[in-house]
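Let me begin by presenting the structure, written as structure tokens, before commenting on it.
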Amino acid sequence: GGHGRHGAGVGIDVVEFVPADQIDPLHLDKAYYLEPDERAIKPYTLLRRALEDTDRMAVVQFALRQKTRLAVLRVRGKVLVLQTLLWDDEVREPAFDVLDEVPKVTAKERDMAGQLVESLAGNFDASEFTDEYQAELRQLVEAKLEQGDALDTAATFGEREEREGA
């Protein structure tokens, strides 16, 4: 018999399998890692592989607090992620009248814009970006623990020049 933690068995019904690129990121809401039960490792792995091989996501429905929710199951490494979706009427359509007037853009201007993009081209690596506020908060907390309450913030952080606008 299985032992250990049991999730509150939420019934998840697969509605359809759709091409991954058809899910507009604007519809994606919160993400949850799905941990398989010991007995469910095989179907879990099978579903994960099938989604990978076909480059699809599973559109699913489940009930949460008496409300029907829509979500997708997608693959992230070895794990299936359940990502809730906003209903269509929860995603606002932009209505910007100013965009009705389309300015003329010359080939030269497009070229220059393209060169700017190329000059800053790279591959996204989330670990290269840090939340400076969180890092400074941690630094402050550690310094407080070491020095007790008498803390000289200028000494801890150094007087930083405000950088000119980016």
Side-chain angles (χ1 to χ4, degrees), residues 1-105 107 109-139 141 165-166:
H3 56 273
R5 293 174 304 149
H6 284 287
V10 178
I12 299 175
D13 296 316
V14 175
V15 182
E16 58 182 350
F17 294 100
V18 300
D21 61 7
Q22 283 184 8
I23 301 291
D24 183 340
L26 208 57
H27 279 86
L28 296 172
D29 199 18
K30 297 188 177 64
Y32 304 90
Y33 292 120
L34 285 188
E35 182 188 3
D37 215 32
E38 278 171 45
R39 290 157 303 185
I41 289 177
K42 183 138 189 196
Y44 183 97
T45 306
L46 204 55
L47 178 59
R48 191 192 84 220
R49 288 268 159 81
L51 291 175
E52 262 175 341
D53 294 344
T54 57
D55 194 23
R56 286 183 180 252
M57 292 186 190
V59 176
V60 300
Q61 285 188 331
F62 62 98
L64 189 66
R65 301 189 197 95
Q66 279 72 56
K67 283 226 292 267
T68 300
R69 296 297 311 263
L70 199 61
V72 289
L73 291 183
R74 60 187 184 82
V75 179
R76 187 176 194 274
K78 286 184 175 177
V79 183
L80 285 175
V81 175
L82 175 83
Q83 191 143 15
T84 55
L85 292 176
L86 298 168
W87 294 102
D88 210 32
D89 62 5
E90 293 179 299
V91 179
R92 281 197 329 146
E93 280 305 314
F96 303 138
D97 298 340
V98 65
L99 288 177
D100 294 343
E101 302 292 312
V102 180
K104 286 272 177 280
V105 175
E109 287 168 328
R110 283 181 71 166
D111 256 12
M112 283 172 63
Q115 281 168 13
L116 176 66
V117 170
E118 280 303 320
S119 72
L120 290 174
N123 291 310
F124 183 66
D125 175 3
S127 66
E128 288 176 10
F129 299 90
T130 54
D131 181 344
E132 279 183 31
Y133 174 76
Q134 287 296 335
E136 288 187 2
L137 202 59
R138 205 168 306 127
Q139 202 178 342
V141 168

Please tabulate, one pair per line, all N/O donor-acceptor pairs under 3.5 Å involving side-chain atoms of residues 92-100, not counting sequence neighbours.
none

Self-check item: Spacing of CD1 belonging to I41 relative to CG belonging to L46, to within rounding of 0.5 Å
Solution: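 Going from CD1 on I41 over to CG on L46, the span is 13.5 Å.
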Quiz item: Could you give the distance from CG (L86) to CG (L70), rounded to the nearest 0.5 Å?
Solution: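 CG of L70 is found 9.5 Å from CG of L86.
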Quiz prompt | Residues, nucleotides or ligands: over 12 heavy atoms within 6.0 Å of D88 CG | solution =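 At most 12 heavy atoms, drawn from other residues, nucleotides or ligands, come within 6.0 Å of this atom.
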Quiz item: When you look at CD of Q134, are more than 12 heavy atoms from neighbouring residues, nucleotides or ligands closer to it than 6.0 Å?
Solution: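 Yes.
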Practice problem: Go through the steps to decide whether W87 and H27 satisfy the test side chain to side chain contact (heavy atoms under 4.5 Å, CB included), and finish with yes or no. | Solution: CA-CA 7 Å; W87 294 102; H27 279 86; over 6 Å; no
Exercise. May I have the step-by-step check of side chain to side chain contact (heavy atoms under 4.5 Å, CB included) for V15 and V60, ending in yes or no?
Key: CA-CA 5 Å; V15 182; V60 300; 5.6 Å; no
Quiz item: So which pairs with a foot in residues 53-69 pass side-chain hydrogen bond (donor to acceptor under 3.5 Å, both in side chains), sequence neighbours left out?
Solution: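 Every pair satisfying side-chain hydrogen bond (donor to acceptor under 3.5 Å, both in side chains) with a residue in residues 53-69: there are none.
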Just by modelled atom types, is the [Y] backbone N or O under 3.5 Å from a matching donor or acceptor in the [X] side chain?
X: D37; Y: R39; value: no
X: Y44; Y: L34; value: yes
X: R48; Y: K78; value: yes

Quiz item: Are Q83 and R74 side-chain neighbours, meaning at least one heavy-atom pair lies under 4.5 Å?
Solution: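 Yes, close enough: below the 4.5 Å cut-off.
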Self-check item: Student check: side-chain heavy atoms of L47 and L73 closer than 4.5 Å
Solution: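 A side-chain contact exists here, since the closest heavy-atom pair is under 4.5 Å.
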Self-check item: side chain to side chain contact (heavy atoms under 4.5 Å, CB included) evaluation trace for I23 with L85
Solution: CA-CA 9 Å; I23 301 291; L85 292 176; 4.2 Å; yes
Where do [X] and [Y] come nearest, in terms of heavy atoms and distance?
X: L80; Y: V75; result: CD2-CG2, 4.1 Å
X: A71; Y: F62; result: CB-CE2, 3.7 Å
X: K104; Y: E109; result: O-OE1, 4.1 Å
X: L82; Y: I12; result: CD1-CD1, 4.4 Å

Practice problem: Show your working on side chain to side chain contact (heavy atoms under 4.5 Å, CB included) between V72 and L28 and close with a plain yes or no. | Solution: CA-CA 9 Å; V72 289; L28 296 172; 4.0 Å; yes
